[in-house]
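Everything below concerns the one structure shown next.
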2 protein chains.
Amino acid sequence: MAKHQAPTMKDVAREAGVALGTVSRVINGITVGDEYKKKVEAAIKKLNYQVNTYARGLKTSQTKTLTLIIPSLALPFYANFAYEIEQQTYQHGRKLILCCSNGIPEKEIDYISLASQSKTDGIIALTYSDISNQVPEDIPLIVFDRHFENRSVPRIASDNFAGGFLAIEKLLEFGCTHPIFIGYHSDFPGEADKRFEGFQAACKKFELKPTFLYESDDNDSYETLYNFIVSHQDKDTHTLDFDGIFANTDLEACAAVRILDDLNYSVPADVQIIGFDGTKKFLPIDEYIVSTIVQPLPALAKKCVEMILNAENEPLPTLTLLPVTYEYGGTTIK
Amino acid sequence: MAKHQAPTMKDVAREAGVALGTVSRVINGITVGDEYKKKVEAAIKKLNYQVNTYARGLKTSQTKTLTLIIPSLALPFYANFAYEIEQQTYQHGRKLILCCSNGIPEKEIDYISLASQSKTDGIIALTYSDISNQVPEDIPLIVFDRHFENRSVPRIASDNFAGGFLAIEKLLEFGCTHPIFIGYHSDFPGEADKRFEGFQAACKKFELKPTFLYESDDNDSYETLYNFIVSHQDKDTHTLDFDGIFANTDLEACAAVRILDDLNYSVPADVQIIGFDGTKKFLPIDEYIVSTIVQPLPALAKKCVEMILNAENEPLPTLTLLPVTYEYGGTTIK
DNA sequence: AGAAAGATATGAAACGTTTCACGAAACATA
DNA sequence: TATGTTTCGTGAAACGTTTCATATCTTTCT
């Protein structure tokens, strides 16, 4: 038995008794006489015809495909961003190509090259190195949550600076007199760095002594944080010299909660804590709920995709910052 | 200024002073005379030529593309599976198209149809409905972690039954005399159901009274579980009538830990707990560590991709079950 | 040395679309 | 009725590859 060949437009045309071009026009929704249209549609249904994306892509060099380059899906934040991007991509009738680079520059570049061979309609990148000069001019690129040296590459992120500032404002509003900052930062230029700057700006404005733990990635961050907190306690009075924590991420906020608990301090009575990311929004784990500055992940994804797809009409703006919001999660008084 | 056109094989051929076919052979690694090869490679480098995947796909109807259909990336288990599939896909020189269906059957079918139009080389599906009859015959399909009515569709999963059995064996080995099962199950036919069957089989074999909480998805599972546990305690003696828990997932194991803690029982002294999934392997959150039956996610992903890509040589086996392992995580004595 | 066999380069055809110049038909105008 | 205008279907060309029959050049054997 011969292998069943998928029907082509030519088959449809023959079946419907019309010309090839007519079939094409029906498929692409270009005006066609009613009787013709009906005949073609009947033939399509009868033959169960489906367009061949590759033939179309070759002809139009529009592949209806978006590419997402992301280190991994291990961090819930990454996973959720990828999810939101996919949802948007689908909504716009595109397919999403997922690339997990593990943050390895060579892989990142390799993915770019693959994407370019596949004539992808746009690249959304959350990379460790600045890959903007690897991307062909005719493929729109948006860098998410990163700021590289080259400031001309369009990027998008939450307003991390405002978020850092807001966290301190909130802690003060909730009665804290000495909020501090804790966090680890990696050596790649992530937008998350701006949270610390927001903290500093708030300290300046409200005339606070800026106390913080802000170091490069550490193998045992729990221990580092533990020691830091211990160093700020008066053992005789069992008193801490701070009463509020702004943690760089919800993960770190959780670690702080645990450590304070281990040290027999009460949250939020003794210390109020605000994290960052809004992880509870997308990680359905109770243990993970803290008061937090929420990143608007769905809105960010929406913006990314819309901007990319609109890139040929309107050049991509250099920087797009979306507002963050505070949300109560039990580690503050409200 | 004219828009810069990407160079084609024809350009390379002209630049190198050879025929079109020769360029093709160089690119595809077919034997070509040394001098020709050198000339072509030089031209490729000079023009910065890249193959056009769409032209190639049209000609060969091999798209070097795999499609993953998964409900979402919200559950760490899903996210990690997607990640491992992507890694394997990349290793085999393919691209991955990610489809998040939210478990909506219409979307699942729509994704299948898109995949088929795009002539994907294979589909890996973690769906809620049985989509096997929607997939064209010539596209290999593997269903992950599901068992539908139609038993002829190739599927792959961890050996959940053996895992359930193993969990009880371990609890007994660690000195429990009355292990129980807790878990919620959804109404779609997931392989995870088999864990409960494994539990039951173990009860039969070891002559245990099978105590369990096993209900359909619940809006407030915490409360249900809390009430269940309370109903098994003697309030006067503050004693529970069980001393071991096998939880259907690590998430539920964590909930149990928390509830027992709230009720002032000690884990693992009073109650030992074993979860399922091995979530700690891929979710880097300390709160989330329990003793667990580990699903071999990387191995599962590897198998999926290898089998799919080998499907034309060797027809896909109906059922592939990969072994699970026990791993200590603090909620048991070892 | 001549013929046969073996390599390997060549260029045209084909994959399944979209697009466009062309022509036919229908309609409006005078 | 004759002419101009609009509408819409037609079919060939083109997109950038791969593949295959053909042609050319070596090598080997008698």
Side-chain angles (χ1 to χ4, degrees), chain A residues 2-44 47-65 114 116-121 136 138, chain B residues 3-41 43-44 47-65 114 116-121 136 138:
Chain A
K3 205 168 190 179
H4 182 65
Q5 280 295 338
T8 71
M9 279 181 40
K10 202 183 276 183
D11 298 321
V12 174
R14 193 186 314 117
E15 174 73 29
V18 304
L20 198 55
T22 307
V23 177
S24 176
R25 307 181 78 194
V26 170
I27 287 170
N28 292 294
I30 301 170
T31 37
V32 166
D34 255 3
E35 43 191 336
Y36 281 83
K37 193 169 177 179
K38 262 179 221 153
K39 279 195 284 183
V40 170
E41 280 167 348
I44 286 178
L47 300 182
N48 192 23
Y49 167 80
Q50 297 200 121
V51 318
N52 180 322
T53 308
Y54 275 72
R56 177 180 281 176
L58 169 60
K59 194 65 185 130
T60 63
S61 49
Q62 280 256 336
T63 62
K64 299 287 182 190
T65 276
L114 289 172
S116 141
Q117 288 173 9
S118 296
K119 305 269 177 280
T120 195
D121 293 344
D138 54 340
Chain B
K3 206 168 189 179
H4 181 66
Q5 281 294 338
T8 71
M9 279 181 41
K10 203 183 275 184
D11 298 320
V12 174
R14 194 185 315 118
E15 174 73 29
V18 304
L20 199 54
T22 308
V23 177
S24 177
R25 308 181 77 193
V26 170
I27 287 170
N28 291 294
I30 301 171
T31 37
V32 165
D34 254 4
E35 44 191 336
Y36 281 84
K37 194 170 177 179
K38 260 180 223 155
K39 277 194 285 183
V40 169
E41 280 168 347
I44 287 178
L47 299 181
N48 192 23
Y49 166 81
Q50 297 200 120
V51 318
N52 180 323
T53 309
Y54 275 73
R56 176 181 282 176
L58 170 60
K59 193 66 185 130
T60 64
S61 50
Q62 280 256 337
T63 61
K64 299 288 182 189
T65 275
L114 288 172
S116 141
Q117 288 174 10
S118 296
K119 306 267 176 279
T120 196
D121 292 345
D138 54 340

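A, B, ... follow the sequence lines: proteins, then strands. Residue 1 opens every chain. What you see below is based on every heavy atom in this structure, not just the backbone, and it leaves out hydrogens, waters and symmetry mates.
- C/dC15 atom P lies 12 Å from atom CG of A/N52, rounded to whole Å.
- A/T63 contributes no side-chain N or O that, together with a main-chain N or O of A/G57, makes up a donor-acceptor pair within less than 3.5 Å.
- With A/S118 contributing its side chain and B/T53 its backbone, the two residues share no donor-acceptor pair below 3.5 Å.
- Note that NZ of B/K39 is 13.5 Å distant from CD1 of B/I44, once rounded to the nearest 0.5 Å.
- Between the side chain of B/T65 and the backbone N or O of B/T120 there is no donor-acceptor pair closer than 3.5 Å.
- Residue A/R56 has its side chain nearest to C/dT18 when only D/dT17, C/dG16, C/dT18 are considered.
- When the nucleotides C/dG16, D/dT17, D/dT18 are ranked by their closest atom to the side chain of B/A55, D/dT17 comes out on top.
- The residue A/Q50 sits close only to the backbone: its heavy atoms come under 4.0 Å of sugar-phosphate atoms, none of a base.
- Looking at heavy-atom distances under 4.0 Å, A/S24 makes contact with a base.
- A donor-acceptor pair is defined here as one N or O able to donate and one able to accept, closer than 3.5 Å; such a pair exists between the side chain of B/T8 and the backbone of B/K10.
- If you take OH of B/Y54 and C1' of D/dA14, they are 19 Å apart, rounded to a whole angstrom.
- Looking at every heavy atom in both residues, B/N48 comes nearest to B/P7 through O-CG, 4.0 Å.
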Show me the donor-acceptor pairs within less than 3.5 Å that the side chains of residues 22-36 of chain A make with the rest of the protein, sequence neighbours left out.
{"residue": "A/S24", "atom": "OG", "partner": "A/N28", "partner atom": "ND2", "Å": "3.3"}
{"residue": "A/N28", "atom": "ND2", "partner": "A/S24", "partner atom": "O", "Å": "2.8"}

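- With rounding to whole Å, B/Q62 atom CD is found 14 Å from C/dC15 atom C1'.
- Atom CG of A/L47 is separated from atom C1' of C/dG16 by 15 Å (rounded to the nearest Å).
- For the helix from C/dA1-D/dT30 to C/dA30-D/dT1, the end axes, each set by the C1' atoms of five terminal pairs, are bent relative to each other by 40° (nearest 10°).
- Rounded to whole Å, atom P of C/dG16 lies 12 Å from atom CG of A/L58.
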Protein-nucleic acid N or O pairs under 3.5 Å, nucleotides 5-10 of chain D:
{"residue": "D/dG9", "atom": "OP1", "partner": "A/G33", "partner atom": "N", "Å": "2.4"}
{"residue": "D/dG9", "atom": "OP2", "partner": "A/R25", "partner atom": "NH1", "Å": "3.3"}
{"residue": "D/dG9", "atom": "N7", "partner": "A/R25", "partner atom": "NH1", "Å": "3.1"}
{"residue": "D/dT10", "atom": "OP2", "partner": "A/A19", "partner atom": "N", "Å": "2.8"}
{"residue": "D/dT10", "atom": "OP2", "partner": "A/T22", "partner atom": "OG1", "Å": "2.5"}

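- The closest side-chain heavy-atom distance from A/V12 to A/E15 is not below 4.5 Å.
- To the nearest angstrom, C1' of C/dG11 lies 11 Å from NZ of B/K10.
- Contact check, A/Y49 against C/dT17: a side-chain N or O comes under 4.0 Å of OP1 or OP2.
- The heavy-atom pair separating B/D121 from B/K64 by the smallest distance is OD2-N, 2.7 Å.
- We find that CG of A/D11 is positioned 9 Å from P of C/dT17, with the value rounded to whole Å.
- The NZ-C1' distance, from B/K59 to C/dT17, rounds to 14 Å in whole Å.
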